[in-house]
Chemist: 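After the structure tokens below, expect a handful of questions from me.
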Amino acid sequence: MTAQVIGSEAQANPVKDQSQLRQKRMIADHYKRLSTAREDGRKVVYTFVPGNLTELLGALDLLPVLPEINALQSGMRGKSAGYIAEAEKAGHSEDVCSYVKCDLGMSLKGNLGPTGEKMPAPDALLLSYTGCFTFMKWFEILREQYQCPVLMLHVPYQGDGSITPEMRRYVVDQLRHEIVPALEKIAGKKLDEAELGRRLAASARAEDDLVKVWESGKKRPSPVDGYFGGVYYVGPIFSAFRGTEEAATYYQELRTEVDARAARGEGPMTPDGPMGKEKYRLVVEGPPCWTSFNDFWHMFSSEGAVVVASTYTRVGGLYDTGFRHDPEHPYESMADYCLGCYTNLNLPSRVDLLERYVKEYEADGFLVNSVKSCNSFSVGQLQMMRILQERTGVPGGFIESDLVDARYFGKANISNRLQSFFQMVEARRARKDLPLPPPVEGRLLQLGRTA
Amino acid sequence: MSDPAEASLQKAKELVEDLDFKHVTSWKTEHPGALVVGHLPIYVPRPLFEAMGCLPVTIFGGGDQLDVVRGDSFFQSYICHLPRSTVELGLRGSLDAFDAFVFPSTCDVIRNLSGMWKMLFPKKAVAYLDMPQNFSPELGGRFYAAELRRVAAMLVQSGAKPLTSEALSLAIVHENQRQALLDELQALRTQEPWRIRASEAYLATRAGTQLAASDHSTLLLELLKGFRERPARAYDNARVVVVGSFCEQPPFGLIRTLEQSGCDIVVDDFQLGLTAIRGPIPLREGEEPLDSLVRAFLVQGTPTACRYVGNAPKGQALLTQIKQHRADGVVFLAASFCDPALLDQPMLEKALDDAKVPHTSVKFSENTAQFQPVREQAGAFGDSLKLWGGRP
Ligand code: SF4
Ligand code: SF4
């Protein structure tokens, strides 16, 4: 799972903000570096978004590739259907995560990355096993393909809703005794701890600014969309750039731009231009559907619905509950970062977080987009909805789709459900005594293929 | 002439089919004050619970005998069936006699179900047990030992006896005795598959997930005696390994269908939870038995879809198994939407292709009622194995 949309034309803001231009440049440069990595003698490490160790890789001069991001990019560029078909032809089940199949299909078709340049094969696969079981299988499959070492970092799950000293120690010890030495071997050099510290400090600055951007969603109108716009905002911090000065500058710029928008009383920018009057303030749980990202966004923005906070934008790091990378405690804070990613929280903690968002961001509805691919996200969402509705008194809505398998995006169906949801929010706002909608019954749901 | 194994098989069948867990209630009556700990598949270290006076009982969902209504309403259509029927069992009160629940780190479904359970049944003790994916004693081993102590502490809080080294050593001895008998059962099956049908071995093994190790040993001794004494005629069927149904269980009728289709299932992973550690757990002089339990998990763990294999080639363990049990082919039998099994399968298929071992694949759900397509597919597969052979 990841949340990053990199330099995509999808954000069709005619007048690009400084931060947007910067992000686009950063990404283009990164893909350029990757495309010449072999000639330049640089080593490449594939890794996942939740629990990524970008500062560490950067300090060792290793280039990260995030297969989830390639997959979502392929989805946005209309390439995922072909890639998924290729993987299914090669024996991968229709039932499993479409990110995996999209990535495998991409590599079977020549491994051309989002910019059309060939992606280098990995020198190692850094398996940060954080918040999702599929990650392990994904890299087992890639290892068969690339015949390169896998470095496993097992990040325990917050089963009881907290990080215990034993959990932290386990991750720290793996980092110190296995991951760092293995990465040093691949990099061919020792880790410069001072450089790691500098990078962690840059991360913390970026994290501070990002949190301010998130919190601006509490304003009325919200100057940001914390879901559709939010996936752009997390681009640098969830991927190859956390810990770089450039990413820190990006977040500084972004924060300034958002503050300025808020001061002018403006809402967020959308693919159709500036958002009109803010009618609904929503909290969203679950990932977006990348293959129809703009259509999906339009269904909200055209109705005046702004997502003031979302959980998907916390899968690569949960910063608004206080966590920051800490150069004074590099290993401990890297461990806490991994342990704290959203899908590594147990269900009660996820409900608590959503409740907090609904209340603090004064949302008048919450919506679950349940994706077929992702058990990590999806299992338990129907129960989460019931509890959340009881606790917050605001109505919940439920839609289903998939990340990059367009066969599961039923546009008309989703649009109809959203319409009824908005009507319900409207009605409840007018009359608080109206009953909340009955719980969504899983047995009545049948996510079918549309094609 | 009556089958000397029949009475014991009937006992096993009753345990397996008892969706109201009456045997759990009876056990509690016989053991006043002792706790029953329900756990989800695949593996938990059962001796730990037994040492604390608890009865560990595996909950495999509701199979095809349970009408799932309320449980279904909690899950989307693209999630496997086991959590639905498990929630159904909980909501209909079938698990009321259980005092605590342990959810091992098998997959994201069981992982998230642990949180759902906490919210659905707030009065019950619930633990998520994270098995290490790092197998170094100083790293994964230390963490796992802490996990076991944490779960033990939760059980003590719920009224279980505190863990002592003596009790744990004894529980490990009992577990080792059971394992030796399970090995005997497997050896007999490999040597003389006509003597024990796969469905019978299934009942014999699965019954043990509802019993204390020593009670299971008693049952296994009876069964082994019965199997050995029953008249049987040797024949030469195609021999297959069944892989992929280690959690949600195929309906009993489906296992019967497979074995009637002309293949002998000489080995399977239906009850992986009881065979997740290979060989006896060694108890060493001067070592805490908890550390023995941990070490066994680290170094004797059976490679499964849920266990990281490190840099060892994928499928190696399956090929060894095929050789060891002289199998001709493999039937992949995964539950629909089972990520671990379905993500593992293409890698195993590739290893089989490279070794020229024939294989076929079938998906099921625990409440599948249509066996005819499976009958046909497995029949055709068995015929092809007999015609062209497959043994590598
Ligand atoms: S299952 Fe979910 S978290 Fe895991 S890789 Fe797929 S989308 Fe990401
Ligand atoms: S059947 Fe598979 S996916 Fe479902 S709970 Fe079991 S292991 Fe997990």
Side-chain angles (χ1 to χ4, degrees), chain A residues 90-93 95-97 100 127 129 132-134 136-138 140-141 143-144 149-150 152-154 156-157 159-161 164 166-167 169-170 173-174 177-178 343 346-351 370 372-376 378-383 387 400 439-448, chain B residues 68-69 71-80 83-84 103 105-109 111-116 118-120 126-130 132-134 136 138-140 142-143 146-147 150 305-306 308-311 313-314 334 336-340 342-347 349-350 361 363:
Chain A
H92 294 273
S93 168
D95 291 358
V96 302
C97 172
V100 181
L127 170 49
Y129 183 65
C132 166
F133 173 84
T134 297
M136 183 170 94
K137 308 314 289 178
W138 191 342
E140 280 181 356
I141 298 169
R143 189 198 59 167
E144 299 279 298
V150 184
M152 157 64 96
L153 174 68
H154 177 205
Y157 181 62
D160 281 338
T164 63
E166 290 79 13
M167 288 158 78
R169 178 166 181 197
Y170 178 37
D173 286 353
Q174 289 178 83
H177 302 300
E178 291 193 345
T343 46
N346 72 358
L347 274 266
S349 308
R350 281 171 62 181
V351 175
S370 177
K372 171 183 171 285
S373 275
C374 187
N375 280 346
S376 177
S378 303
V379 174
Q381 281 176 328
L382 290 167
Q383 188 192 16
I387 298 175
E400 294 178 290
V440 177
E441 292 283 334
R443 71 200 148 90
L444 303 178
L445 298 169
Q446 264 313 326
L447 178 66
Chain B
V68 177
V69 181
D72 240 358
S73 69
F74 284 87
F75 298 95
Q76 301 89 320
S77 57
Y78 38 84
I79 290 164
C80 60
R84 308 159 192 275
F103 293 76
S105 51
T106 301
C107 67
D108 292 337
V109 175
R111 187 197 71 173
N112 285 14
L113 189 58
S114 70
M116 292 180 70
K118 277 178 196 270
M119 297 190 286
L120 279 168
V126 177
Y128 177 74
L129 174 60
D130 223 332
Q133 297 287 5
N134 175 301
S136 139
E138 295 78 35
L139 302 174
R142 189 193 295 123
F143 170 73
E147 277 293 276
R150 181 179 61 81
C306 306
Y308 178 57
V309 293
N311 287 321
K314 243 350 238 191
S336 294
F337 301 107
C338 176
D339 280 349
L342 292 169
L343 286 160
D344 221 35
Q345 192 171 316
M347 291 184 275
E349 284 173 340
K350 162 123 194 351
S361 147
K363 270 199 302 184

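Sequence lines set the chain letters: A, B, ... in the order given, protein chains first and strands last, and positions in each chain run from 1. In this text, all values refer to a predicted model and were calculated from it rather than measured experimentally.
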Chemist: Give the member of G380(A), P149(A), S370(A), G91(A) that has the highest number of heavy-atom pairs under 4.5 Å with chain B.
Modeler: S370(A)
Chemist: Write down the atom of L342(B), the atom of A334(B), and the distance for their closest heavy-atom approach.
Modeler: CD2-CB, 3.7 Å
Chemist: Top residue by heavy-atom pair count (under 4.5 Å) with chain A, among Y78(B), F337(B), F75(B), Y128(B)?
Modeler: Y78(B)
Chemist: Contact part of Q174(A) toward chain B, heavy-atom cut-off under 4.5 Å: side chain, backbone, both or neither?
Modeler: both
Chemist: Under 4.5 Å, counting heavy-atom pairs only, tell me which of M347(B), E147(B), Q345(B) racks up the most with chain A.
Modeler: M347(B)
Chemist: Is D344(B) paired with K314(B) through a side-chain N to carboxylate O contact shorter than 4.0 Å?
Modeler: yes
Chemist: Less than 4.0 Å between a side-chain N and a carboxylate O, is that true for K363(B) and D95(A)?
Modeler: yes
Chemist: Any donor-acceptor pair under 3.5 Å linking the side chain of E400(A) with the backbone of Q76(B)?
Modeler: no
Chemist: When only pairs under 4.5 Å are counted, which of A127(B), P313(B), A305(B) shares the most heavy-atom pairs with chain A?
Modeler: A305(B)
Chemist: Using non-hydrogen atoms and a 4.5 Å limit, figure out which bit of C306(B) sits close to chain A: side chain, backbone, both or neither.
Modeler: both
Chemist: Test R111(B) against F103(B) for side chain to side chain contact (heavy atoms under 4.5 Å, CB included), laying out the working first.
Modeler: CA-CA 7 Å; R111(B) 187 197 71 173; F103(B) 293 76; over 6 Å; no
Chemist: Less than 4.5 Å to any heavy atom of chain A: does that hold for the side chain of N134(B), its backbone, both, or neither?
Modeler: both
Chemist: Can you tell which part of Y157(A) gets under 4.5 Å to a heavy atom of chain B, answering side chain, backbone, both or neither?
Modeler: both
Chemist: Between V69(B) and chain A, which part of the residue has a heavy atom less than 4.5 Å away: side chain, backbone, both or neither?
Modeler: both
Chemist: Go through S77(B), S73(B), G115(B) and name the one with the most non-hydrogen pairs under 4.5 angstrom from chain A.
Modeler: S73(B)
Chemist: Hey, can you tell me if F143(B) and Y170(A) have their rings parallel, tilted or perpendicular (30° and 60° cut-offs)?
Modeler: parallel
Chemist: Which one wins on heavy-atom pair count under 4.5 Å against chain B: T134(A), L127(A), T164(A), L153(A)?
Modeler: T134(A)
Chemist: Out of P83(B), S361(B), G140(B), which one racks up the most heavy-atom pairs below 4.5 Å with chain A?
Modeler: G140(B)
Chemist: Can you tell me which of E144(A), H177(A), M167(A) forms the most heavy-atom pairs within a distance under 4.5 Å of chain B?
Modeler: E144(A)
Chemist: Is R150(B) close to chain A through its backbone or its side chain, or both, or neither, when contacts mean heavy atoms under 4.5 Å?
Modeler: side chain
Chemist: Do any N or O atoms from the side chain of N112(B) and from the backbone of S376(A) form a donor-acceptor pair under 3.5 angstrom?
Modeler: yes
Chemist: Let me know if L129(B) has heavy atoms under 4.5 Å from chain A in its side chain, its backbone, both or neither.
Modeler: neither
Chemist: Taking the side chain from S378(A) and the backbone from N375(A), do they hold a donor-acceptor pair closer than 3.5 Å?
Modeler: no
Chemist: With a 4.5 angstrom heavy-atom cut-off, could you sort out which part of V351(A) is near chain B: side chain, backbone, both or neither?
Modeler: side chain
Chemist: Identify which of R350(A), E166(A), E140(A) forms the greatest number of heavy-atom pairs closer than 4.5 Å to chain B.
Modeler: E140(A)
Chemist: Assess whether a salt bridge exists between D339(B) and K137(A), defined as any Lys/Arg side-chain N lying under 4.0 Å from an Asp/Glu carboxylate O.
Modeler: no
Chemist: Between the main-chain N or O of S136(B) and the side-chain N or O of R142(B), is there a donor-acceptor pair closer than 3.5 Å?
Modeler: no
Chemist: Report yes if some heavy atom in the side chain of F74(B) is under 4.5 Å from a heavy atom in the side chain of M116(B); otherwise report no.
Modeler: yes
